[in-house]
Amino acid sequence: MGRVQGKTALVTGGASGIGLSSASLLAKEGAKVVIADFNAEGAKAAAENIRKQGGEAAGIFLDASHANSIEEAVNFTVSHFGSIDVLFNNVGVTNLQKDLDIVHIDLDEWDRLMNVNLKSVLLGCRYAIPHMQKAGGGSIINTASMAGFTGDSIRSAYGASKAGVVNLTKYIAAQYGKDKIRCNGVAPGLILTPAAEKNIPPSVLEIFAKYNALPYHGEADDIGNTVLFLASEESKFITGQTIQVEGGHYIANPSMADFNLMAQGK
Ligand code: NAI
């Protein structure tokens, strides 16, 4: 018996990275999974791969910046597999060129990131919750980010949108808990997904490694396993929380790494 046996899950942004890992792990533990992604070919290939391994999955196109596309993905999930028990709102985008500091940020990019990263979470929930209410419950998981808990020199819109995800998670949990609908977030630190590996030079990875409490980087499955836990009944008394999966990067006084070097005479 799998840990999410018989549940149906919709995973947005499921063709790559964290979404792909989560979809695969959910399927491995018995869930029927709809993988919805802008990259429709990737979503279909991922579903095909799950089916080859004996799981149940379908891949569909999704543009998470459009309400009707999100509604279609929810409706497809219900019509194809009969229910939507788990919704993983995972789509998120970043832009290092235009999402800058407050004085220089491109305001259209601010709107785009709020729309794709934050409003898409609201919309996914808006369309899935009535189905979950009818079915007697469900589990919603939102991908936030450690950028939603901290400040930085750039990525103001990304950080604000992810902070919004953290608090929206609490609102959803507060409003629908009595319907046995749980809502939690997962806040990744740096995770070596294909996108991150492509964009982040080794010098930047070294900086991240320097401040991690653990001596290694995060992988997509570290988030996928957290999502699996939050989707399953193992977490049935957890709601409104955002679990930080970040290798202890943010737990210590920021100056600790430098004091350690000083103690070593460096
Ligand atoms: P990724 O780029 O590997 O995967 C994202 C997927 O979303 C892609 O398949 C892409 O086609 C899809 N997508 C993008 N825009 C879309 C749209 N408008 N509609 C439908 N699908 C769309 O990214 P990754 O790293 O797996 O990130 C997933 C989530 O994790 C995002 O919300 C991101 O902000 C968050 N995150 C990632 C971190 C990391 O270090 N990788 C750190 C913190 C948060």
Side-chain angles (χ1 to χ4, degrees), residues 8-24 26-27 32-50 57-81 84 86-99 106-132 138 140-145 147-148 155 157-158 160-162 164-165 168-169 172 183 185-186 188 191 193-196 198-199 220 223-224 227:
T8 292
L10 170 59
V11 177
T12 75
S16 168
I18 288 167
L20 178 60
S21 158
S22 304
S24 309
L26 286 163
K32 294 170 259 182
V33 179
V34 173
I35 297 171
D37 201 291
F38 204 69
N39 172 5
E41 289 313 307
K44 290 193 170 97
E48 172 70 22
N49 204 25
I50 287 173
I60 60 168
F61 171 79
L62 166 73
D63 182 355
S65 61
H66 285 103
N68 54 359
S69 185
I70 295 177
E71 186 173 21
E72 277 170 24
V74 169
N75 289 344
F76 174 87
T77 306
V78 174
S79 63
H80 195 73
F81 284 132
I84 178 163
V86 176
L87 169 64
F88 182 28
N89 288 309
N90 169 63
V91 165
V93 288
T94 187
N95 185 331
L96 298 177
Q97 279 72 44
K98 293 184 176 178
D99 181 10
D106 178 318
L107 294 180
D108 289 336
E109 194 61 10
W110 171 277
D111 290 343
R112 188 178 80 90
L113 294 193
M114 288 298 159
N115 191 38
V116 176
N117 293 356
L118 180 55
K119 193 174 177 190
S120 68
V121 173
L122 163 82
L123 291 169
C125 296
R126 184 185 181 90
Y127 299 125
I129 283 170
H131 294 290
M132 291 178 172
I140 297 167
I141 301 134
N142 303 320
T143 303
S145 167
R155 298 215 297 170
Y158 183 79
S161 70
K162 292 298 191 177
V165 170
L168 187 59
T169 296
I172 296 158
C183 183
V186 57
I191 301 296
T193 58
K198 202 176 88 191
N199 293 319
I223 308 300
V227 171

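All values below were derived from every heavy atom in this structure, side-chain atoms included, with hydrogens, water molecules and symmetry-related copies excluded.
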Undergrad: Output yes when a side-chain donor or acceptor of Asn115 lies under 3.5 Å from a complementary backbone atom of Ser65, and no otherwise.
TA: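 Confirmed, Asn115 side chain pairs with Ser65 backbone.
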Undergrad: Minimum heavy-atom separation for Ala58 to Ala47, with atom names?
TA: C-CB, 3.5 Å
Undergrad: Can you see which heavy atom on Ile70 is nearest to which on Asp63, and at what distance?
TA: CG1-O, 4.5 Å
Undergrad: Decide side chain to side chain contact (heavy atoms under 4.5 Å, CB included) for Ile223 and Ser21; before the verdict, give the C-alpha distance in whole Å, the side-chain angles of both, and the deciding distance to 0.1 Å.
TA: CA-CA 8 Å; Ile223 308 300; Ser21 158; over 6 Å; no
Undergrad: Tell me whether Asp99 contacts the main-chain N or O of Tyr158 through its side chain, where contact means a donor paired with an acceptor under 3.5 Å.
TA: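 Checked: pair present.
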Undergrad: State whether the side chain of Thr193 and the backbone N or O of Ile18 hold a donor-acceptor pair below 3.5 Å, judged by distance alone.
TA: no
Undergrad: Ile140 vs Ile129, test: side chain to side chain contact (heavy atoms under 4.5 Å, CB included). Steps then yes/no.
TA: CA-CA 9 Å; Ile140 297 167; Ile129 283 170; 3.9 Å; yes
Undergrad: Under the rule for side-chain contact (heavy atoms from CB on, under 4.5 Å), what residues qualify as partners of Glu41, not counting sequence neighbours?
TA: Asn39
Undergrad: Would you check if the side chain of Asn90 reaches a backbone N or O of Thr143 as a donor-acceptor pair within less than 3.5 Å?
TA: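 Checked: no pair found.
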Undergrad: Would you call Met132 and Leu87 a side-chain contact if the rule is heavy atoms closer than 4.5 Å?
TA: yes
Undergrad: To the nearest 0.5 angstrom, please state how far the CG atom of Asp106 sits from the CD atom of Gln97.
TA: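 Going from the CG atom of Asp106 to the CD atom of Gln97 covers 11.5 Å.
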Undergrad: Checking Glu48 now: which residues fulfil salt bridge (charged side-chain N to carboxylate O under 4.0 Å, His left out) with it, not counting sequence neighbours?
TA: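 Expected list: Arg51.
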Undergrad: At their closest point, which heavy atom of Ala43 faces which heavy atom of Ala15, and how far apart are they?
TA: N-CB, 3.6 Å
Undergrad: Looking only at non-hydrogen atoms, find the nearest pair between Leu20 and Ser24 and report the distance.
TA: O-OG, 2.7 Å
Undergrad: Give me the atom names and distance for the closest heavy-atom approach of Ala27 to Ile50.
TA: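 Ala27 and Ile50 have their closest heavy atoms at CB-CG2, 3.5 Å.
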Undergrad: Can you check side chain to side chain contact (heavy atoms under 4.5 Å, CB included) on Val165 and Asn89, steps first, answer last?
TA: CA-CA 10 Å; Val165 170; Asn89 288 309; over 6 Å; no
Undergrad: Could you work out, with side-chain contact (heavy atoms from CB on, under 4.5 Å) as the rule, every residue matching Val93, not counting sequence neighbours?
TA: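 With sequence neighbours excluded, Val93 shows a side-chain contact (heavy atoms from CB on, under 4.5 Å) to Arg112, Leu113, Val116, Asn117, given in chain and number order.
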Undergrad: Identify the heavy atoms of Ala46 and Ile35 that sit nearest to each other, and give their distance.
TA: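 Heavy-atom minimum between the residues: CB-CD1, 3.7 Å.
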